[in-house]
Amino acid sequence: MVPDVIVLPPAFQLSGPVNLFQHLKRDPYAKADALQKFEVVRDRLKRLLIYRHDRDLHAQRECSADGR
């Protein structure tokens, strides 16, 4: 069960937003490394989506050819 109200400590309520990427702004090597890793993940996702889409289309065509 989820409570109706979540009470946060006063220090947390008064704090400003946190920049989770602040270290990337300060460290150009960390930024370059993060961008390179992002590109790897992006490319893997593209290949997965394209391959899966092609595989699903192929399976649909086989099913329709078999009369299923």
Side-chain angles (χ1 to χ4, degrees):
M1 223 180 202
V2 179
D4 292 334
V5 177
I6 298 174
V7 180
L8 300 172
F12 189 83
Q13 292 176 11
L14 298 175
S15 67
V18 177
N19 183 355
L20 298 176
F21 302 104
Q22 184 175 11
H23 68 287
L24 298 177
K25 187 175 181 181
R26 289 189 310 241
D27 184 353
Y29 296 108
K31 181 179 180 180
D33 185 51
L35 287 173
Q36 189 270 336
K37 289 177 180 178
F38 168 76
E39 289 173 2
V40 168
V41 170
R42 182 193 61 200
D43 292 343
R44 286 182 182 174
L45 179 60
K46 280 182 183 178
R47 285 194 305 269
L48 175 67
L49 292 173
I50 291 169
Y51 172 73
R52 174 140 185 146
H53 178 70
D54 289 345
R55 190 183 71 194
D56 290 347
L57 283 176
H58 182 70
Q60 286 177 353
R61 288 182 186 136
E62 283 182 349
C63 286
S64 63
D66 293 342
R68 293 183 207 166

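Predicted model only: the values in this text are computed from it and were never measured.
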Can you list every pair that meets side-chain hydrogen bond (donor to acceptor under 3.5 Å, both in side chains) and has a residue in residues 27-36, with sequence neighbours left out?
-> Asp33-Lys37
Any chance you could measure Ile50, atom CD1, to Leu45, atom CG, to the nearest 0.5 Å?
-> 9.5 Å
Identify, with sequence neighbours excluded, every residue that meets side-chain contact (heavy atoms from CB on, under 4.5 Å) alongside Asn19.
-> Phe21, Gln22
Take atom CZ of Arg44 as the centre, draw a 6.0 Å sphere, and report whether it contains more than 12 heavy atoms from other residues, nucleotides or ligands.
-> no
Residue set satisfying side-chain contact (heavy atoms from CB on, under 4.5 Å) with Leu14, at least two apart, ordered chain then number -> none
In terms of heavy-atom contacts, Ala34 and Leu24 come closest through CB-CD2, 4.0 Å
Kindly write out the residues that satisfy side-chain contact (heavy atoms from CB on, under 4.5 Å) with Leu8, not counting sequence neighbours, or none if the list is empty.
-> Ile6, Phe12, Gln13
Apart from Val5 itself, members of its ILVMFWY cluster (side-chain separation under 4.5 Å) are Val7
